[in-house]
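Comments concern the structure below.
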Amino acid sequence: MYSPATFATALVMTMFSAVFWGSWANTYKGTKKYAFELFYWDYIVGVVLISLAFAFTLGSHGATGESFLANVQATDRADILYALIGGFIFNIANLLLVAGIAIAGLAIAFPIAIGIAVIEGVVLSYALQPKGNPAYLAGGVALATAAIVFDAMAYKRLGGGRVTKKGIVVNVISGLLMGGFAPFVTKSMTMGHALTPYSVAVFFSIGAFLCCFVANPYLMKHPLLGEPVTFDGFWKASAKDHLLGIFGGIVWGFGGCFNFIAAGFVGVAISYAIGQSAPMIAALWGVLVWKEFRGADGKAWGYLTLMFLAYLGAVVTIAMAYNS
């Protein structure tokens with residue numbers, strides 16, 4: 001299989017994972033009257049497809065480790081289960097995060113959900129795989145969290161954010177689950193005859209896919225916001241809407257595969273910490289493409305500047321964690 005040969009390559013892959021994770025939701029903006037709960041079925045298919053594509057290409061050809069099929073045959077069954085559980089947990093967290101943003105707005109959802117996820121995911125992953133200098137890693141996580149808060153404060157200046165008990169509860173649960181999948185990925189990559197990053201990506205995506213048959217039908221009937229939807233809307237959706245959903249999943253899957261591949265070199269804690277800086281990329285899309293900050297006041301732009309500086313500082317500090 002292919003594996004990054006240098007730290008610089010692995011670091012670039014973690015940064016690109018943040019770019020992909022912060023970009024996939026843009027595909028939903030291109031759909032027309034397509035409920036997100038229905039869009040998500042297309043999205044998860046895209047995640048599975050790109051994970052399999054990585055597994056049978058880069059994951060099966062290269063100078064290091066085992067090929068995908070050889071690894072699946074030889075690995076401990078418990079590691080497969082860990083990856084499946086990680087994907088299952090992630091999928092619930094992702095659905096709740098989208099609902100949390102819809103209920104409370106980005107200004108509330110980002111600091112609560114992603115802030116909790118970054119801290120929890122890094123701490124638990126590092127406890128299982130203590131790779132990197134803990135002081136630098138903690139500093140990097142603090143800067144990443146600060147960047148998320150600055151991002152939220154910038155959106156707050158736009159008038160976003162509605163503090164309700166429901167919004168807070170949904171985002172707290174989302175954050176706890178989003179941070180909770182990382183330790184299962186760590187276990188699957190480190191315990192016994194471990195999975196390769198490509199095998200992790202495949203079983204992680206399958207776990208998320210299976211979760212859809214449990215969580216998504218429930219949310220379709222009992223949405224946290226808006227009216228219930230049925231599968232009639234899925235079959236009536238245009239080919240463009242379906243393709244956008246699949247493409248959104250492919251974009252997220254690229255980020256997932258890059259993050260897992262990099263984690264095989266630098267450790268899950270470092271890779272996860274940088275990858276979860278995706279909200280900053282989403283903010284860039286908002287500024288440069290969707291013009292969400294057109295007419296924003298000086299304070300909003302000041303918070304955005306602080307956000308980008310904190311994000312760059314987080315990447316540099318976390319990189320120092322590996323080299324120290």
Side-chain angles (χ1 to χ4, degrees), residues 11-26 28-29 93-94 97-98 100-123 136-163 167-168 171-172 174-175 178-179 251-252 255 258-259 269-321:
L11 179 63
V12 169
M13 294 185 80
T14 63
M15 294 173 69
F16 267 103
S17 74
V19 171
F20 288 123
W21 282 351
S23 301
W24 72 267
N26 289 297
Y28 184 60
K29 292 180 180 288
N94 204 34
L97 176 61
V98 172
I101 291 172
I103 295 169
L106 291 169
I108 304 299
F110 276 178
I112 294 177
I114 303 301
I116 290 173
V118 170
I119 296 170
E120 178 192 6
V122 170
V123 170
Y136 281 114
L137 189 57
V141 169
L143 285 169
T145 304
I148 293 167
V149 172
F150 287 135
D151 185 20
M153 292 173 72
Y155 275 100
K156 187 77 171 177
R157 298 295 302 177
L158 298 180
R162 300 172 295 280
V163 181
I168 292 174
N171 283 296
V172 167
S174 172
M178 190 69 75
V251 172
W252 190 97
F258 274 32
N259 199 268
I270 291 175
S271 186
Y272 181 84
I274 296 177
Q276 285 292 10
S277 297
M280 272 55 71
I281 305 301
L284 269 177
W285 280 99
V287 171
L288 301 177
V289 178
W290 304 114
K291 308 301 181 182
E292 293 175 346
F293 286 85
R294 184 188 288 118
D297 61 17
K299 285 188 176 181
W301 288 104
Y303 288 136
L304 283 174
T305 301
L306 290 173
M307 176 197 70
F308 291 121
L309 290 174
Y311 173 54
L312 290 174
V315 172
V316 171
T317 306
I318 293 170
M320 293 172 64

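Side chains included, hydrogens not; waters and symmetry mates left out as well; all remaining heavy atoms used.
- In terms of heavy-atom proximity, Ser23 sits nearest to Trp285 at OG-NE1, 2.7 Å.
- Gly179 approaches Glu120 most closely through the heavy-atom pair CA-OE1, 3.6 Å.
- The heavy-atom pair separating Asp151 from Ala283 by the smallest distance is OD1-CB, 3.6 Å.
- A pairwise comparison of heavy atoms in Ala18 and Ser277 identifies CB-C, 4.4 Å as the closest pair.
- The shortest side-chain heavy-atom distance between Ile101 and Phe110 falls under the 4.5 Å cut-off.
- Gly275 and Ser17 get closest at one heavy-atom pair: CA-OG, 3.6 Å.
- Residue Pro111 comes nearest to Val149 through the heavy atom pair CB-CG2, 4.3 Å, listed as atom of the first residue, atom of the second, then distance.
- Using a 4.5 Å heavy-atom cutoff, the side chains of Leu143 and Ile318 are not in contact.
- Phe258 and Phe16 have perpendicular rings, their planes meeting at more than 60° on a 0 to 90° scale where under 30° would count as parallel.
- Tyr155 has its ring centre less than 6.0 Å from the ring centre of Phe293.
- Side-chain contact between Asn259 and Met13 is absent, with no heavy-atom pair separated by less than 4.5 Å.
- With 3.5 Å as the limit, one finds no donor-acceptor pair spanning the side chains of Trp252 and Asn94.
- Leu284 places none of its side-chain heavy atoms less than 4.5 Å from the side chain of Met280.
- Looking only at side-chain heavy atoms (C-beta outward), Thr14 and Ile270 stay at 4.5 Å or farther from each other.
- Within the 4.5 Å cutoff, no side-chain heavy atoms of Met153 are placed close to those of Met307.
- For OH of Tyr136, the number of neighbouring non-hydrogen atoms (other residues, nucleotides, ligands) closer than 6.0 Å is 12 at most.
- Looking only at side-chain heavy atoms (C-beta outward), Ile274 and Met15 come within less than 4.5 Å of each other.
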